[in-house]
Amino acid sequence: MAYRKTPAVQDRLAAAREHLVEQATAVVADVGWANASVTVVAAAAGMSVGSVYQHFPSKGALAVEVFRRASGREVEVLGKVLTEGGRDPVERLALGVGVFARRAMESRGLAHALLAAPAEPALGEERLGFRRRYREVFAEVIREGIHTGLLPDQDPEVTAAALTGAIGEVLVDPLSAPAEGADADHLVTELVAMALRCAGAAAPLGARADHDADDVDADHL
């Protein structure tokens with residue numbers, strides 16, 4: 001008869017797995033994917049290497065889980081900002097870009113790992129998948145802006161793809177090097193203004209939306 005884990009055992013295993021993923025995320029944020037070996041992650045989590053492999057069959061599988069959770073959290077936050085009530089679509093677009101950029105600048109190591117750092121081959125498809133999700137949430141708010149007459153007629157999918165690529169490209173270098181607070185503020189303001197120009201909105205709105213971003217979500221990546 002096969003051994004069946006008791007609920008208490010299952011709870012302990014689930015808690016240990018969560019702890020492992022949290023520590024792996026912190027390690028990746030600190031040293032990047034390449035240096036986040038199973039040995040290093042195990043030490044950070046206070047586990048043996050063998051225990052890590054009880055939860056994940058390979059370093060790649062653990063990396064995928066870290067990536068999915070961290071990227072999923074960012075898509076969720078961005079989607080919430082882009083769809084929340086009380087603001088028109090253009091304001092939400094500006095605010096969403098500002099929130100995304102500020103969160104990235106506040107957690108540079110992890111944001112750089114998610115956006116651009118060399119990674120396990122298994123993460124290639126994951127990155128493409130999440131880029132599609134970012135495009136989807138941007139396209140929806142752009143589509144709404146066109147419908148309400150606040151944005152000019154355009155292909156929302158093309159604009160969303162351009163925004164997704166441009167935002168990532170603008171952030172890559174700043175995320176890989178320390179930046180002063182003033183530099184980060186300037187970067188966010190310029191990024192918001194660029195996004196509005198790309199969508200065909202009035203650029204001055206960017207500054208107002210950027211200031212509002214401080215009040216939307218203070219959590220880090």
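Computed from a predicted structure; not experimentally measured.
- With hydrogens and angles disregarded, no donor-acceptor distance shorter than 3.5 Å links the side chain of Ser107 to the backbone of Leu110.
- Glu91 places a side-chain N or O within 3.5 Å of a backbone atom of Asp88 that can act as its donor or acceptor partner.
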Could you pull out all donor-acceptor pairs under 3.5 Å where a side-chain atom in residues 28-37 meets a protein atom, sequence neighbours excluded?
{"from": "Trp33", "atom 1": "NE1", "to": "Ala113", "atom 2": "O", "distance (Å)": "2.8"}
{"from": "Asn35", "atom 1": "ND2", "to": "Val31", "atom 2": "O", "distance (Å)": "3.4"}
{"from": "Ser37", "atom 1": "OG", "to": "Val40", "atom 2": "N", "distance (Å)": "3.1"}

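- Every residue meeting the side-chain contact (heavy atoms from CB on, under 4.5 Å) condition with Ala122, not counting sequence neighbours, appears here in chain and number order: Val64.
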Show me, pair by pair, the donor-acceptor contacts under 3.5 angstrom made by side chains of residues 46-54, not counting sequence neighbours?
{"from": "Ser48", "atom 1": "OG", "to": "Ser51", "atom 2": "N", "distance (Å)": "3.1"}
{"from": "Ser48", "atom 1": "OG", "to": "Ser51", "atom 2": "OG", "distance (Å)": "2.9"}

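- Evaluation of the side-chain contact (heavy atoms from CB on, under 4.5 Å) rule for Ala116 yields His112, Val172 as partners, not counting sequence neighbours.
- For residues 113-125, the side chain to side chain donor-acceptor pair (under 3.5 Å) pairs, not counting sequence neighbours, are Lys59-Glu120.
- Taking Gln23 as the reference, nothing meets the side-chain hydrogen bond (donor to acceptor under 3.5 Å, both in side chains) condition, with sequence neighbours excluded.
- Judged as a ring-ring contact (aromatic ring centres under 6.0 Å, His included), the pairs with a partner in residues 75-109 (not counting sequence neighbours) are, in order, Phe100-Tyr134.
- With respect to the salt-bridge test (charged N to carboxylate O, under 4.0 angstrom), the residues Arg92 and Glu84 do not qualify.
- For Phe67, the ring pair (Phe, Tyr, Trp, His ring centres under 6.0 Å) partners are Phe130, not counting sequence neighbours.
- By the side-chain contact (heavy atoms from CB on, under 4.5 Å) test, Arg69 is found to be paired with Arg17, Glu18, Val21, Glu65, residues two or more places apart in sequence or in another chain being considered.
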Only distances under 3.5 Å count here; give the side-chain donor-acceptor pairs of residues 156-166 to other protein atoms, sequence neighbours excluded, each with its distance to 0.1 Å.
{"from": "Glu157", "atom 1": "OE2", "to": "Arg143", "atom 2": "NH2", "distance (Å)": "2.9"}
{"from": "Thr159", "atom 1": "OG1", "to": "Gln154", "atom 2": "OE1", "distance (Å)": "2.6"}
{"from": "Thr159", "atom 1": "OG1", "to": "Asp155", "atom 2": "O", "distance (Å)": "3.4"}
{"from": "Thr164", "atom 1": "OG1", "to": "Ala160", "atom 2": "O", "distance (Å)": "2.9"}

